[in-house]
Amino acid sequence: MRSIRQANIKGKTVVLRVDFNVPLFKEGTVEDDYRIRMTLPTIKYLLNKKAGGVIMLGHLGRPEGTQKQFSLRPVARHLARLMKQRVLFFAQHPRKVINLKGILPLGALVMLENL
């Protein structure tokens with residue numbers, strides 16, 4: 001497998017698998033953001049290399065079907081604060097989001113709902 005540093009990502013939409021399985025407080029805010037902070041160098045690298053956009057896939061907990069307490073929405077909000085950049089959040093099926101890749105703003109950060 002090639003290294004991310006060898007890939008030509010300029011102008012391309014990158015799908016990034018992230019480990020954002022982080023603990024949340026009962027009110028739905030991130031309790032420990034270590035795993036999120038550890039992904040920041042990779043995300044920033046992709047944006048600095050002019051990636052067309054970054055679509056992040058991850059999971060939280062082990063839900064059976066859709067369960068609100070396992071939503072990645074609070075993680076997306078927390079990531080937006082850390083990045084000082086808007087993170088678009090999509091709860092739709094991943095195939096619908098992939099169809100949007102051609103109309104995403106250049107350099108967009110996108111997080112999909114819990115997979």
Worksheet item: Given side chains that start at C-beta, do those of P23 and D32 come closer than 4.5 Å, heavy atoms only?
Response: yes
Discussion item. I'd like to know whether CZ of R86 has more than 12 heavy-atom contacts from other residues, nucleotides or ligands below 6.0 angstrom.
Written reply: no
Discussion item. Contact between L57 and L16 at the side-chain level, heavy atoms closer than 4.5 Å - yes or no?
Written reply: no
Response to the item:
d(L47 CG, L109 CG) to nearest 0.5 Å is 5.0 Å
Worksheet, complete the sentence: dist R81:CZ -> D33:CG (nearest 0.5 Å) comes out at 9.5 Å
Worksheet item: Going hydrophobic residue to hydrophobic residue with side-chain gaps under 4.5 angstrom, can you get from M38 over to I4?
Response: no
Worksheet item: Considering all heavy atoms of both residues, which atom of L24 and which atom of P74 are nearest to each other, and what is their separation?
Response: CD1-CG, 4.3 Å
Item to complete: Considering non-hydrogen atoms only, spot the tightest contact between G58 and R17 and give its length.
Response: CA-NH1, 4.0 Å
Worksheet item: Which value, rounded to the nearest 0.5 Å, describes the distance between L79 atom CG and Q85 atom CD?
Response: 8.5 Å
Worksheet item: Which pairs count as side chain to side chain donor-acceptor pair (under 3.5 Å) when at least one residue sits in residues 42-54, sequence neighbours excluded?
Response: none
Discussion item. Looking at every non-hydrogen atom in both residues, tell me the closest pair between F20 and V75 and how far apart they are.
Written reply: CD1-CG1, 3.7 Å
Fill in: Student check: side-chain heavy atoms of L46 and I9 closer than 4.5 Å
yes
Worksheet entry | Spatial distance of atom CZ (F90) from atom CE (M56) [nearest 0.5 Å] | 11.5 Å
Response to the item:
Between L72 and E113 the two heavy atoms that sit nearest each other are N-OE1, 2.9 Å
Item to complete: Search all heavy atoms of A51 against all heavy atoms of V14 and return the closest pair with its distance.
Response: CB-CG2, 4.1 Å
